[in-house]
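One structure below.
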Amino acid sequence: MAIITNAPRGTQDVLPSQSYKWQYIEQTALDIARLHGFREIRFPVFEHTELFNRSVGDTTDVVQKEMYTFEDKGGRSITLRPEGTAGAMRAILQNGLLNDALPLKASYLISCFRYEKPQAGRLREFHQFGVEMAGAGSYAADAQVIALAKAIFDALGIEGLALELNSIGCPTCRAEYHKALREYFAAHRDQLCDTCKGRLEKNPMRILDCKNPACAEIAKGAPVVLDYICDDCRAHFEGLKSNLDAMGIAYTVNPTIVRGLDYYTRTVFEFVTTGIGAQGTVCGGGRYDGLIELLGGQPTPSVGFAMGLERLLLVMEQQGCGFAPEQKCTMYIGSIGAAAQQKAAGLTAALREEGFYVECDAVGRSVKAQMKYADKLGAKFSCILGDNEIEAGKVRVKRMDKGEITEVALDREALVQYIYHNTIDEIVEYDQETK
RNA sequence: GUGGGUAUAGCGUAGUUGGUUAACGCGUCAGUUUGUGGCACUGAAGACCGUGGGUUCGAAUCCCACUAUCCACCCCA
């Protein structure tokens, strides 16, 4: 079969047999966030390019080489969102949401686009769940946001994610630190890799993150941010740590976490795993106290995180986590002949109104083939309607797992009663299991 | 952007000293006597062997290029 074209590079289809996993993850994240007071916000897939240049930072890799940017027919420069925070914050500002009681708490479930080389856990179109908490500058807000991420992982049954924490200070003390770093690395300039030589001027903190063995070795002796942050930033960081301790959330301080987006200040954190390949960051976030002001609003401190849904799914599959199982067909109503087909269609519609998942023949198959199909659907019950049944007003309903056949009156209420009585045991069992 | 692996029906695979109709499993569809699934059996559909060049009498098989995909670097979720 000749297909016109394949899906674009780095994109992925989610097939009907897999979509329930996505629905489960999405619903769980949304629900848990709701318990923490975060309500969903939706905003455009594309924004003015300027928004990302300004907020994400025009020296970052994301902006410099990974954005899907194009000119629309009105001559505007438009960019497919490479992340969620910029758009969410823009929407929050534009709609005046910060005029209500603060903090403003919002969650989002979005697709993002980055022109990168695809790899395990890295796609060109990928999906994120994230939250923003604006108007709360306290370390307590950081702790709550981190606790929410943790709660979502727990609810999904994910284990063993390591929380790594760092503070990169505020713009004032970070300038001090940059200076110290430049001095240190300048002394080792010859041993640095080429990219790091470039980073020396633009963003020396990135050198700390370099995987090149030579750079990593030099970085070991480099000044540590935490030694340079100002008293306020230090107090914030210490407060966060003790708050996490109080909540029983384990973490390690990792001074090399830097984050690739410019808007971060003070707290930065990641939840990482080693089980799904090289792209082990499942969730990343931090504080961005200057972002709203940068976008033209009043100075408003904010925190948030984003988690990669594809990576979350990889971790869950790797760990054998359960997903809410797909709903199986409750009843298959087969038929022989046109009159019976009509009757079956009517009954099917009626039982669907009752909230049952019911199927009937749409192909015109033989009785035997219809039964096979019912079996493939995993139908709990089946029956076959023909002239005899219509005349007698009764139908033989088969319970597929046991093969038992019961004669039931051919009407909506009788069938509902039958289904109810034959599934009540399972409902009770299920309730007991979930208690 | 830089490396390395891979590319044969929907899925998973076989197919080397290059030689006629490209094989197998799963899946799909139909049937195995009259209106009842799972097992078994029979049969059918389904492949321009990634694309384009080249070598050769002859290429799924050898060579080159391209593309896609996977993994890693990089970057990040």
Side-chain angles (χ1 to χ4, degrees), chain A residues 1-3 5-12 15 17 56 60-66 81-85 110-130 149 193-196 199 206 209-213 215 257-261 264 268-273 276-286 304-315 329 332-337 340 361 363 365-389 395-403 405:
Chain A
M1 182 169 28
I3 305 289
T5 182
N6 293 12
R9 176 147 218 222
T11 64
Q12 223 172 38
L15 305 181
S17 62
V56 174
T60 59
D61 280 7
V62 170
V63 168
Q64 281 192 333
K65 23 187 222 199
E66 295 175 0
R81 62 185 170 208
E83 56 101 50
T85 295
I110 60 172
S111 52
C112 299
F113 307 85
R114 291 185 199 172
Y115 191 84
E116 296 194 87
K117 195 142 175 188
Q119 187 185 325
R122 191 172 72 188
L123 293 165
R124 289 184 174 178
E125 181 189 21
F126 61 101
H127 299 79
Q128 289 187 338
F129 172 80
C193 71
D194 288 342
T195 31
C196 282
R199 286 167 171 157
R206 292 292 198 69
D209 213 18
C210 187
K211 308 294 188 293
N212 181 304
C215 300
I257 295 185
V258 164
R259 316 254 69 222
L261 311 180
Y264 285 107
V268 288
F269 64 90
E270 293 180 1
F271 283 88
V272 296
T273 177
I276 57 170
Q279 308 301 321
T281 302
V282 175
C283 173
F305 67 72
M307 40 182 81
L309 266 34
E310 283 81 1
R311 292 181 189 177
L312 222 45
L313 188 63
L314 287 175
V315 174
C329 183
Y332 180 87
I333 303 178
S335 57
I336 311 162
D361 181 54
V363 183
R365 277 193 262 239
S366 70
V367 170
K368 190 163 197 149
Q370 290 190 57
M371 289 304 290
K372 283 192 180 184
Y373 184 61
D375 189 55
K376 279 169 195 158
L377 290 173
K380 179 87 184 156
F381 308 103
S382 71
C383 63
I384 300 289
L385 301 189
D387 295 339
N388 298 343
E389 282 75 14
V395 65
R396 289 150 56 81
V397 178
K398 186 172 199 172
R399 178 160 170 162
M400 298 294 276
D401 55 353
K402 295 181 179 169
I405 291 180

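In what follows, chains carry the letters A, B, and so on, assigned in the order in which the sequence lines appear, proteins first and then strands, with residues in each chain numbered from 1.
Between the P atoms of C70(B) and U32(B), the separation comes to 45 Å (whole Å). The C1' atoms of A68(B) and U36(B) are separated by 47 Å, rounded to the nearest whole Å. As rounded to the nearest Å, A60(B) and G54(B) have P atoms that lie 15 Å from one another. Annotation: A59(B) and U21(B) have their P atoms spaced 12 Å apart (nearest Å). Taking the C1' atom of each, U61(B) and A77(B) are spaced 43 Å apart, rounded to whole Å. Atom name C1', nucleotides U20(B) and G27(B): the rounded distance is 31 Å, in whole Å. Taking the P atoms as reference points, G5(B) lies 22 Å from A9(B), given to the whole Å.
Among residues two or more places apart in sequence or in another chain, the side-chain hydrogen bond (donor to acceptor under 3.5 Å, both in side chains) test is passed with E116(A) by none. Residues passing the salt bridge (charged side-chain N to carboxylate O under 4.0 Å, His left out) test with K65(A), sequence neighbours excluded: D61(A). Applying the side-chain hydrogen bond (donor to acceptor under 3.5 Å, both in side chains) test to Q128(A) and every residue at least two apart in sequence or in another chain returns nothing. Applying the salt bridge (charged side-chain N to carboxylate O under 4.0 Å, His left out) criterion to R124(A), with sequence neighbours excluded, gives no partner residue. With sequence neighbours left out, E389(A) forms a salt bridge (charged side-chain N to carboxylate O under 4.0 Å, His left out) with no residue at all. Residues forming a ring-ring contact (aromatic ring centres under 6.0 Å, His included) with Y264(A) (at least two apart in sequence, or on another chain): Y288(A). Taking the ring-ring contact (aromatic ring centres under 6.0 Å, His included) definition, one finds that F271(A) meets it with F153(A), sequence neighbours left out.
On a pure distance criterion of 3.5 Å, a polar donor-acceptor pair joins the side chain of Q119(A) and the base of C74(B). For R122(A) and C74(B), a side-chain-to-base donor-acceptor distance below 3.5 Å is present, hydrogens and geometry of angles not being considered. For G35(B), its base sits under 3.5 Å from the side chain of E389(A) at one donor and acceptor pair at least.
A heavy atom closer than 4.0 Å to some atom of RNA chain B occurs in A306(A), G308(A), R311(A), these being the qualifying members of residues 306-315 of chain A.
At the phosphate of C76(B), neither OP1 nor OP2 sits under 4.0 Å from any side-chain N or O atom of R114(A).
Note: CD (Q370(A)) to C1' (G35(B)) measures 10 Å, nearest angstrom. Between the C1' atom of C76(B) and the CD atom of E125(A) lies a distance of 17 Å, rounded to the nearest Å. With rounding to whole Å, F113(A) atom CZ is found 16 Å from A77(B) atom P. Atom CZ of R124(A) and atom C1' of A77(B) are 17 Å apart (whole Å). In this structure, the CD1 atom of I336(A) is 9 Å from the C1' atom of U36(B), given to the nearest Å. Rounded to a whole Å, the OH atom of Y373(A) is 11 Å from the P atom of U28(B). Rounded to an integer number of Å, the gap from NE2 of H127(A) to C1' of C76(B) is 16 Å. N6(A) places its CG atom 8 Å from the P atom of U69(B), with the value rounded to the nearest Å.
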- Can you give the dot-bracket line for RNA chain B, where a pair is Watson-Crick or G-U wobble with both atom distances under 3.5 Å, crossing pairs use [ ], and | marks a partner on another strand? (((((((..((((.....[...)))).(((((.......))))).....(((((..]....))))))))))))....
Polar atom pairs (N or O), protein with nucleotides 38-45 of chain B, under 3.5 Å:
| unit_1 | atom_1 | unit_2 | atom_2 | d |
| --- | --- | --- | --- | --- |
| G38(B) | O4' | D375(A) | OD2 | 3.3 |

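Using a 4.0 Å heavy-atom distance criterion, G280(A) is classed as making no nucleic acid contact. Contacts of G121(A) with the nucleic acid, taken as non-hydrogen atoms under 4.0 Å apart, include base atoms. Residue contacts for A120(A): at a heavy-atom cut-off of 4.0 Å it reaches the sugar-phosphate backbone alone, with no base atom in range.
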For residues 279-286 of chain A, which side-chain N or O atoms pair as donor and acceptor with protein atoms under 3.5 Å away, sequence neighbours left out?
| unit_1 | atom_1 | unit_2 | atom_2 | d |
| --- | --- | --- | --- | --- |
| T281(A) | OG1 | E270(A) | OE1 | 3.4 |

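F126(A) has its side chain within reach of R114(A): a pair of non-hydrogen atoms, C-beta onward, lies under 4.5 Å apart. Inter-residue side-chain proximity for H127(A) and E310(A) is flagged as met; some heavy-atom pair is nearer than 4.5 Å.
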- Under 4.0 Å protein heavy-atom contact, by nucleotide of nucleotides 3-8 of chain B - B base, S sugar-phosphate only: B-----
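At distances below 3.5 Å, not a single donor-acceptor pair connects side-chain atoms of R122(A) with backbone N or O atoms of G10(A).
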